[in-house]
Amino acid sequence: MGCFFSKRRKTEKESQPEGEEERPKQYSWDQREKVDPKDYMFNGLKDETIGRLPGKVAGQQFLIQDCENCNIYIFDHSATVTIDDCTNCIIFLGPVKGSVFFRNCRDCKCALACQQFRVRDCRKLEVFLCCATQPIIESSTNIKFGCFQWYYPELAFQFKDAGLSIFNNTWSNIHDFTPVSGERNWSLLPEDVVVQDHVPLPTTEELKAVRVSTEANRSIVPVSRGQRQKSSDESCLVVLFAGDYTIANARKLIDEMVGKGFFLVQTKEVSMKAEDAQRVFREKAPDFLPLLDKGPVIALEFNGDGAVEGCQVIVNEMFNGTQMFISENKETASADVDSFYNFADIQMGI
């Protein structure tokens with residue numbers, strides 16, 4: 001006894017005109033645009049300025065190897081980037097969804113943003129970094145780090161395409177797999193470093209079309225002090241809850257606080273649960289619990305004498321009606337900071 005559907009298929013096949021071949025099936029993977037790895041590779045270049053404009057990499061893997069005295073700019077987001085055997089190069093990388101791995105490189109200066117950052121068998125690198133996880137160096141010497149400081153119009157969208165938050169940046173929290181007793185293989189660049197003196201803007205007509213700025217107040221990533229020594233014993237924690245203007249409010253608050261002489265130490269964007277809120281916000285937790293379901297919170301730590309009072313004044317004047325958590329006084333502010341960032345780092349595996 002045959003199946004109705006098998007009879008139907010047989011009838012349709014028999015009704016096909018004689019001599020006409022059956023059209024092959026089309027699958028989605030057959031219709032994808034073919035990728036040529038050479039389009040995502042810089043190999044064996046010397047004394048060149050070269051790059052990729054926004055939209056020309058679009059999340060592909062990229063390889064840079066055996067380049068010397070080159071200025072390389074990738075103004076787009078990538079999946080991963082590997083940089084091997086490069087000497088005396090300037091390198092800028094737009095947001096990288098996965099890892100950036102430097103191997104056997106020397107005398108290079110770089111600015112980049114990524115999920116994971118690793119350096120192995122390298123010496124004398126300067127890196128302006130935005131990294132969501134703890135940066136790692138191994139078998140390397142004289143590696144210097146600064147905070148990522150860069151802007152061009154497409155960069156914010158590229159961060160989103162790469163799945164990176166501009167507020168999750170552990171650029172100064174370095175782990176050295178191969179420490180040497182009595183020596184330090186890495187250090188932090190001076191706080192007043194001028195990024196453009198180390199990673200200059202491109203000079204070719206094609207790449208100059210990308211409207212780049214290295215000014216701190218225009219940087220997509222907030223410029224933080226990281227693990228540099230704090231200037232004061234007083235810090236203030238501010239937590240902004242998810243909403244239509246959360247990022248804009250965070251940026252405005254940073255601009256106001258920095259403009260008044262306070263320092264942005266660190267930032268974080270992370271989801272909170274009820275138990276996390278209870279630990280961080282204590283008796284105020286019930287006020288904020290309904291807001292946690294709207295999405296991740298953004299936390300900012302400011303430092304400086306009078307930071308708590310200064311922040312409270314700005315929030316009351318400029319963000320009246322916007323719900324935020326702010327440290328109540330300088331006596332409890334340090335505990336607020338420690339409670340929040342301890343839970344956030346554990347949650348993010350840092």
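For the single chain, residues carry numbers from 1 onward in sequence order.
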[atom1]-[atom2] distance between [X] and [Y], expressed to the nearest 0.5 angstrom:
X      : Y      : atom1 : atom2 : answer
Asp107 : Lys124 : CG    : NZ    : 5.0 Å
Phe42  : Arg52  : CZ    : CZ    : 4.0 Å
Phe148 : Thr214 : CZ    : OG1   : 11.0 Å
Leu129 : Leu112 : CG    : CG    : 5.5 Å
Ile72  : Ile64  : CD1   : CD1   : 4.5 Å
Ser78  : Lys97  : OG    : NZ    : 12.0 Å

Min side-chain heavy-atom separation [X]-[Y] under 4.5 Å:
X      : Y      : answer
Arg228 : Ser172 : no
Asn169 : Cys147 : yes
Cys236 : Met257 : no
Pro202 : Val210 : no

Q: Let me see the working for Leu291 and Phe325 under side chain to side chain contact (heavy atoms under 4.5 Å, CB included), right down to the final yes or no.
A: CA-CA 11 Å; Leu291 303 176; Phe325 172 84; over 6 Å; no
Q | For Phe92, the option from Phe75, Tyr73, Phe128 that meets ring pair (Phe, Tyr, Trp, His ring centres under 6.0 Å) | A |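 Per the ring pair (Phe, Tyr, Trp, His ring centres under 6.0 Å) rule, the option paired with Phe92 is Phe75, out of Phe75, Tyr73, Phe128.
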Flag for [Y]-[X]: side-chain donor and acceptor within less than 3.5 Å:
X      : Y      : result
Asn303 : Ser232 : no
Thr246 : Asn249 : no
Asp121 : Asn104 : no

**Q.** Pairing residues for Glu205 by the salt bridge (charged side-chain N to carboxylate O under 4.0 Å, His left out) criterion, not counting sequence neighbours
**A.**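 Applying salt bridge (charged side-chain N to carboxylate O under 4.0 Å, His left out) to Glu205 gives Lys208.
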Q. Of all residues at least two apart in sequence or in a different chain, which pass the salt bridge (charged side-chain N to carboxylate O under 4.0 Å, His left out) check with Glu328?
A. Lys284
Within a 6.0 Å radius of atom [atom1] on [X], are there more than 12 heavy atoms belonging to other residues, nucleotides or ligands?
X      : atom1 : result
Arg123 : CZ    : no
Glu191 : CD    : yes
Asp233 : CG    : no

Got a salt bridge between [X] and [Y], using NZ or NE/NH1/NH2 to carboxylate O under 4.0 Å?
X      : Y      : answer
Asp336 : Arg282 : yes
Asp345 : Lys268 : yes
Asp276 : Arg279 : yes

Given the rule that I, L, V, M, F, W and Y join up when any side-chain heavy atoms are under 4.5 Å apart, are [X] and [Y] in one cluster?
X      : Y      : value
Ile174 : Ile83  : yes
Leu289 : Phe281 : yes
Val258 : Val195 : yes
Val193 : Phe145 : no
Leu207 : Ile74  : no

Search all heavy atoms of [X] against all heavy atoms of [Y] and return the closest pair with its distance.
X      : Y      : value
Cys110 : Phe102 : SG-CZ, 3.4 Å
Ile166 : Pro222 : O-CD, 3.4 Å
Ser235 : Ala333 : O-CB, 2.7 Å
Thr332 : Asn329 : N-OD1, 3.0 Å
Ser224 : Val265 : CB-O, 3.3 Å
Cys86  : Asp66  : SG-N, 4.0 Å

Q) What class does the angle between the rings of Phe241 and Phe288 fall in, given that below 30° is parallel, 30 to 60° is tilted and above 60° is perpendicular? A)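 Because their plane-to-plane angle is under 30°, the rings of Phe241 and Phe288 count as parallel.
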Q. Between Phe177 and Ile137, does a side chain to side chain contact (heavy atoms under 4.5 Å, CB included) hold up when you go through it step by step?
A. CA-CA 6 Å; Phe177 264 130; Ile137 68 171; over 6 Å; no
Q: Would you mind telling me which of Arg118, His175, Arg120 makes a side chain to side chain donor-acceptor pair (under 3.5 Å) with Glu138?
A: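 Exactly one candidate clears the test, Arg118.
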Q: Carefully, step by step, assess Val280 and Met272 under the rule side chain to side chain contact (heavy atoms under 4.5 Å, CB included).
A: CA-CA 10 Å; Val280 176; Met272 294 188 77; 4.1 Å; yes
**Q.** Candidate list Ile254, Ile247, Leu253, test side chain to side chain contact (heavy atoms under 4.5 Å, CB included), partner Arg251, passing option
**A.**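 Answer to the side chain to side chain contact (heavy atoms under 4.5 Å, CB included) test with Arg251 among Ile254, Ile247, Leu253: Ile247.
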